[in-house]
Number of protein chains: 2
Amino acid sequence: MELGDRRPTLEDVAQLARVSRSTVSRVVTGSPRVSPHVRARVERAAGDLGYLPHAAARALAGRRDDTVAVVVVAGEREFAEDPYYGRLVSGVVDAAQEAGVRVRIQRTDEAYLADVPALSGSARFAGTVLVNVPHQLAGEVTFRDPRHMVSLGRSADPIAYANPDNVAGARTATTHLLAAGRSRIGMVAGPSDNSCSTGRALGYQSVLTAAGLRPYVVFADFTAPGAAAAAEGLLHARPDLDALFVASDLMAAGVLQTLAARGIRVPDDVAVVGFDDSVPARCTAPALTTVTHPVEQIAAWATLTSVSGAQPGSARIFPTALVVRGSST
Amino acid sequence: MELGDRRPTLEDVAQLARVSRSTVSRVVTGSPRVSPHVRARVERAAGDLGYLPHAAARALAGRRDDTVAVVVVAGEREFAEDPYYGRLVSGVVDAAQEAGVRVRIQRTDEAYLADVPALSGSARFAGTVLVNVPHQLAGEVTFRDPRHMVSLGRSADPIAYANPDNVAGARTATTHLLAAGRSRIGMVAGPSDNSCSTGRALGYQSVLTAAGLRPYVVFADFTAPGAAAAAEGLLHARPDLDALFVASDLMAAGVLQTLAARGIRVPDDVAVVGFDDSVPARCTAPALTTVTHPVEQIAAWATLTSVSGAQPGSARIFPTALVVRGSST
DNA sequence: GCGCGATATGGGAGCGCTCCCAGAGCAAGA
DNA sequence: TCTTGCTCTGGGAGCGCTCCCATATCGCGC
């Protein structure tokens with residue numbers, strides 16, 4: 001058994017166990033068509049040699065890849081700072097582990113989305129999870145069967161997508177503000193081309209309209225400073241607001257800073273409700289009332305579904321719930 | 001050119017461009033030994049066919065992999081919630097993009113660290129970044145040349161590592177509290193087996209000791225609730241504390257909650273300084289004084305260094321700086 | 001005791017690429 | 001004109017595996 005510093009291969013294990021390469025392959029892939037006696041011998045030999053299958057060779061010979069690709073469209077700073085992405089990555093990584101696949105992650109700015117296929121190594125991934133990939137550009141990253149792609153954050157027509165129930169969550173949040181006696185309720189939304197953001201705006205608007213009140217939405221960019229500036233503008237245009245619904249907790253943290261800087265008390269003068277139930281919601285003073293949704297679970301579902309194959313165009317909507325804290329009561 | 005729904009291969013491009021496979025290979029890998037005329041023809045054919053190189057075949061034939069593996073030892077919840085990991089992932093992902101390599105991410109609990117090699121697909125990675133991998137276990141994940149591994153968060157003897165200057169950062173923070181007139185300064189540290197945590201505790205202790213004061217450290221687990229509980233215990237043992245240095249901002253947010261619940265005013269009764277300068281530091285009220293360090297840059301350095309190869313055992317220490325906000329003044 | 005199907009094992013082909021070496025083509029010097 | 005020395009191109013081998021088919025082996029019923 002002359003290995004040099006070469007890693008052991010199937011062939012080496014086969015030689016040591018005195019069986020053929022094929023038999024070793026059957027053992028390591030868990031095929032049942034091996035006699036227990038031979039199986040044990042092979043397992044022993046593999047263990048002794050410290051054999052580990054070569055992923056690239058498998059992918060090549062088996063015409064498949066055991067990797068889930070995650071493509072996130074977001075700014076560098078946004079990706080680094082918004083707790084949403086940390087939770088998302090965590091959900092994907094853990095689901096993949098469970099499913100026995102590896103995770104490859106890529107972030108890109110919208111302008112460079114077309115480069116993604118070339119950059120991603122172009123393997124035939126077991127699954128692909130698209131995050132915030134704009135509808136019209138989803139085709140550009142279709143480097144695989146659409147059945148094995150799932151979109152998050154924006155719906156991308158021909159492929160499956162998953163989202164929290166943004167509309168219902170926003171309705172609950174807005175209804176809660178109404179029930180707390182607020183009637184001049186503004187909203188700081190996220191980007192207008194993101195379906196999470198628009199869904200939340202829609203829910204908010206529908207409740208206000210049904211109550212005979214006038215909705216007032218400003219759009220920001222899912223960052224705290226962006227939201228702070230947007231809130232500034234909103235407050236300037238409508239100084240009489242008594243409540244603010246904000247499309248993410250990170251943004252809400254920015255809004256709270258604007259309010260504090262203006263000496264506006266929360267919740268006394270203005271009540272604030274966020275969305276996400278992420279870490280910032282629990283750090284602010286007062287703590288944020290927010291809409292909770294299972295980011296990690298959504299990410300896990302997307303991961304597993306992309307691997308097992310989804311009905312293209314199907315959608316999975318996850319429930320939301322209101323968490324009432326000090327910022328609205 | 002009969003392709004079926006097969007993806008185009010080098011051979012297909014070669015046929016269309018009327019050259020050999022080798023020549024196409026030279027063109028796509030950017031070898032200079034191709035005449036401009038042929039190069040142009042091949043590039044055109046590749047473009048027409050939408051050719052993308054097959055990563056697995058490359059890795060197999062070229063006996064190398066263009067992937068950086070990231071192994072994070074952290075609890076599921078910790079990984080999802082601590083903004084540190086989001087920034088870390090962001091830094092790695094962007095550096096890898098720049099270096100033209102892909103990123104594979106894995107998280108594991110300490111108990112399962114031994115499974116990592118089997119789970120990671122066992123390729124010969126271009127580089128490996130180990131995060132919080134305990135010293136004595138680093139060997140277990142050595143599925144590649146130690147020259148191509150970089151450790152973060154804990155030093156792992158035979159391989160290179162990078163860290164913020166935890167000792168200096170903690171010294172600065174503690175000195176700042178002293179200068180602000182505080183003298184009964186406690187510390188809530190992270191886990192005692194994490195070199196970031198111990199470095200911070202060391203810096204704190206050295207300053208207090210030099211000033212003739214008695215240090216008081218409790219260890220927690222880098223989570224907000226853990227820190228809140230630890231602070232509770234600390235306050236119980238030393239009710240006269242007038243300042244608290246906390247080893248991370250996320251933990252400091254938990255500590256602030258404990259203080260608020262006990263009716264202790266910040267900074268009037270107790271000043272608080274955190275570490276990391278992450279999102280929670282900017283969300284609390286008052287905002288946290290904290291020690292800033294370039295997490296994304298450290299992660300990027302680790303990524304690039306793991307790929308290019310490091311001196312095993314070498315260490316790179318990144319500077320820290322104090323950011324003074326309301327929680328300490 | 002012979003044939004039959006079922007089960008276990010071996011070996012060839014080939015996945016798409018890179019590496020290496022051989023050969024073709026060309027310019028310039030003897 | 002014939003070499004010498006280059007640059008450019010082609011083709012074979014082989015990376016480590018999976019798939020498929022051929023063959024060996026066994027047990028069982030008649």
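Basis for what follows: all heavy atoms, side chains included, without hydrogens, waters or symmetry-related copies. Chain identifiers are assigned alphabetically (A, B, ...) following the order of the sequence lines, protein sequences preceding nucleic acid strands; residue numbering begins at 1 within each chain.
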Electrostatic pair R6(A):D12(A) at N-O distance under 4.0 angstrom: yes
Least distance between heavy atoms, N163(B) atom then Y161(B) atom: ND2-CE1, 3.4 Å
Distances for protein N or O near nucleotides 21-26 of chain D N or O, under 3.5 Å:
none

Of R21(B) and A61(A), the one whose closest DNA chain D nucleotide lies more 5': R21(B)
Distance-only donor-acceptor test, S22(B) side-chain atoms vs dG11(D) base atoms, 3.5 Å: yes
Heavy-atom side-chain contact between V19(A) and R41(A) under 4.5 Å: yes
R316(A) to F318(A), cation-pi by 6.0 Å centre distance and 45° axis angle: yes
Nucleotide interval of DNA chain C bounded by contacts with chain B (heavy-atom cut-off, under 4.0 Å): dG16(C) to dC20(C)
The single option from L10(A), V13(A), V34(A) passing side chain to side chain contact (heavy atoms under 4.5 Å, CB included) against V27(A): V34(A)
Distance test, side-chain N/O of S35(B) to OP1/OP2 of dT9(D), below 4.0 Å: yes
Distance (rounded to the nearest 0.5 Å) between L130(A) CG and M149(A) CE: 5.5 Å
Pairwise 5' ranking along DNA chain D for A57(B) and R39(B), keeping only the more 5' one: R39(B)
Test item: F222(A) and S197(A) side chains (from C-beta on) under 4.5 Å apart, heavy atoms: yes
Minimum heavy-atom distance A45(A)-A17(A), with the two atoms named: CB-CB, 3.8 Å
Candidate pair T67(B) and R104(A), rule side chain to side chain donor-acceptor pair (under 3.5 Å), full reasoning: CA-CA 9 Å; T67(B) 297; R104(A) 161 166 300 176; 3.2 Å; yes
The helix from dG1(C)-dC30(D) to dA30(C)-dT1(D): angle between end helix axes, five pairs per end, rounded to 10 degrees: 60°
Touch class at under 4.0 angstrom, heavy-atom based, for R33(B) against every strand present: base
Worked check of side chain to side chain donor-acceptor pair (under 3.5 Å) between R58(B) and T29(B): CA-CA 11 Å; R58(B) 275 197 162 164; T29(B) 55; 6.0 Å; no
Electrostatic pair D109(B)-R107(B), nearest N-O below 4.0 angstrom: yes
